[in-house]
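Have a look at the structure below before the remarks.
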There are 2 protein chains.
Amino acid sequence: MITEETGSGTREAAEAAVLENEEAEIASAAGKAEGGVTGAVRRKLESRRKLMAAARKLFVERGYHETRPQDISREAGVGHGTFYLHFEDKLDCFLAFTEQAAEELEVFLEAHLAGANSLEDGIREILLAIFEYSDANPGVLAATLTDVSVLSKGDTGRKMPADRWAESWIKALEHWKATGEALADLDSRLAGYLIVGAIKQGGAYGFRQKLDRDTLIDGMTRLFVRALKK
Amino acid sequence: MITEETGSGTREAAEAAVLENEEAEIASAAGKAEGGVTGAVRRKLESRRKLMAAARKLFVERGYHETRPQDISREAGVGHGTFYLHFEDKLDCFLAFTEQAAEELEVFLEAHLAGANSLEDGIREILLAIFEYSDANPGVLAATLTDVSVLSKGDTGRKMPADRWAESWIKALEHWKATGEALADLDSRLAGYLIVGAIKQGGAYGFRQKLDRDTLIDGMTRLFVRALKK
DNA sequence: GGATCAAAATGACAAAATGTCAATAAACCC
DNA sequence: GGGTTTATTGACATTTTGTCATTTTGATCC
């Protein structure tokens, strides 16, 4: 009989490691917080939170392929079976992670776009914010935007981060159309997707080549503005 | 003892199915062709060709995830071990397929760009050719451009189709800079990558939405031209 | 033409990765 | 505090991938 790890001694250590990365959640260890939820519900929520934190850590550090569901469970300090209690399968877990990160980035970008900016300033501001987020969360953006079509049997039936992101751009483009700064007959939907694709590929290129960030932002901004401006 | 399939009866049938897709290779069944190569070398080449054809068929039809190395071997009419004789692993096989397709597309595009076109006509022409290729080879383009970062332990050390494709665009952009049609101080390298990304994402969007092809090409051409033209 | 050698192919087997489920523990309720 | 529900657990089963000893095939030499 070969025991499956998560030895009790290891357990708390692993969980502690995950919790370190949490901020406002430390209080929860005492048995409160989490919106007052308590008992069984809270227990389940806590497991999920730990799994999500572990998944994020490992997917970012090692990538999808090199991360085993087992690894995530161990890192989270829960049993292996618990993983499949919270996620359909490995892909489902990965998608949950990307959706979380996409949500996070969206909030971050909204915050950086509160003021009504001109088309050029707005675009530059968004790109700047993206790089800022990427610095603060190394690897997350790349992981989030990876194409999972190669992993899924057909359509995942989910809204991918890139699509969500495109929607944000579309909203912004519509705004600039309304202010009369952007082409009046611009197809905002198509343009939104083109921009997202350009940023993905261009960003990867810039990262590989270790391009100076300002150069990259300037280059992108210039082309985007030229394409969109009235 | 559970036999591993590829029963002799099935064998020829499978191989025949693959051979159907071949054109000039039928003669090779007689024992000649293939550049005069014969014997052992030729035998190996033949195996690889059959495997490549089978891999392409299955990767396109079912996708990466749903295609087992076993399936490819069976479809090719060779033993399972032969697969690993020709490819490092499944990813290696997939990359070989994408490289083949990328090569093919490149040749196709070159042929469609023989004449020295103006910037706008040239861009439109390239996009048109891409869609034409995509029609003639359904699924191949999508498969080729998929991001495999999610499958590889670190860098694959290979030049991906998207990069190759970007290089083509860069060359074209340099040409238009030389003719004075494109921005004199354009960063062709960055622009090349941005365009490839835009086409990937925009193409996927158009496909999903079943956009009219001309609408899609017009929309893309317009934005690209505006961004690049002097 | 058959004995010999080298390259290629084969498929049973092994390892790795993913996913399941009966048994157990924890929380809940009366 | 015991009966019930819900979450957790890890040994086990399945699937997928990869290996290697053995066999087959074709070239070479006599």
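Note on naming: letters A, B, ... go to the chains in the order of the sequence lines (proteins, then strands), and numbering restarts at 1 for each one.
Going from atom NE2 of H80(A) over to atom P of dA11(D) covers 11 Å, rounded to whole Å. Whole-Å rounding puts the L85(A) CG to dA26(C) C1' distance at 14 Å. Counting to the nearest Å, the C1' atom of dT16(D) and the CG atom of D89(B) are 13 Å from each other. As a whole-Å value, the separation of D71(B) CG from dT17(D) C1' is 12 Å. R68(A) places its CZ atom 13 Å from the C1' atom of dA15(C), with the value rounded to the nearest Å. Rounding to whole angstrom units, CD of residue Q70(B) and P of dG18(D) are separated by 11 Å. Put simply, CZ on R62(A) is 12 Å from P on dA17(C), counting in whole angstrom units. With rounding to whole Å, E46(A) atom CD is found 17 Å from dT6(D) atom C1'.
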Can you give one letter per nucleotide of nucleotides 22-28 of chain D, going 5' to 3': B for a protein heavy atom under 4.0 Å from the base, S for sugar-phosphate only, - for none? ---SSS-

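Within the 4.0 Å cut-off from OP1 or OP2 of dG18(D), at least one side-chain nitrogen or oxygen of Y84(B) is found. Contact annotation: S47(A) reaches the phosphate of dT8(D) (side-chain N/O to OP1 or OP2, under 4.0 Å). Taking 4.0 angstrom as the limit, H65(A) places none of its side-chain polar atoms (N or O) nearer than this to OP1 or OP2 of dA17(C).
Counting only residues at least two apart or in different chains, side chain to side chain donor-acceptor pair (under 3.5 Å) contacts with residues 86-98 of chain A comprise D92(A)-R158(A).
Closest of all the heavy-atom pairs between A143(A) and F94(A) is O-CZ, 3.6 Å.
With salt bridges taken as basic N to acidic carboxylate O contacts below 4.0 Å, none links R208(B) and D155(A). A salt bridge links R42(A) with E46(A): the closest approach of a Lys/Arg side-chain nitrogen to an acidic carboxylate oxygen falls below 4.0 angstrom. In summary, E75(B) and R56(B) do not engage in a salt bridge, as defined by a charged side-chain N under 4.0 Å from a carboxylate O.
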Check step by step if side-chain contact (heavy atoms from CB on, under 4.5 Å) holds for E110(A) and V107(A). CA-CA 5 Å; E110(A) 299 265 333; V107(A) 170; 5.6 Å; no

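Residue K90(A) has its side chain nearest to dT18(C) when only dT17(D), dA7(D), dT18(C) are considered.
Sequence order on DNA chain D of the closest nucleotides to L91(B) and T82(A) puts T82(A) first from the 5' end.
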Do any side-chain atoms of residues 127-140 of chain A form donor-acceptor pairs under 3.5 angstrom with protein atoms, and if so which ones, sequence neighbours left out?
| unit_1 | atom_1 | unit_2 | atom_2 | d |
| --- | --- | --- | --- | --- |
| Y133(A) | OH | E104(A) | OE1 | 2.7 |
| D135(A) | OD1 | R213(A) | NH2 | 3.2 |
| D135(A) | OD2 | R213(A) | NH2 | 2.1 |
| N137(A) | ND2 | Y133(A) | O | 3.1 |

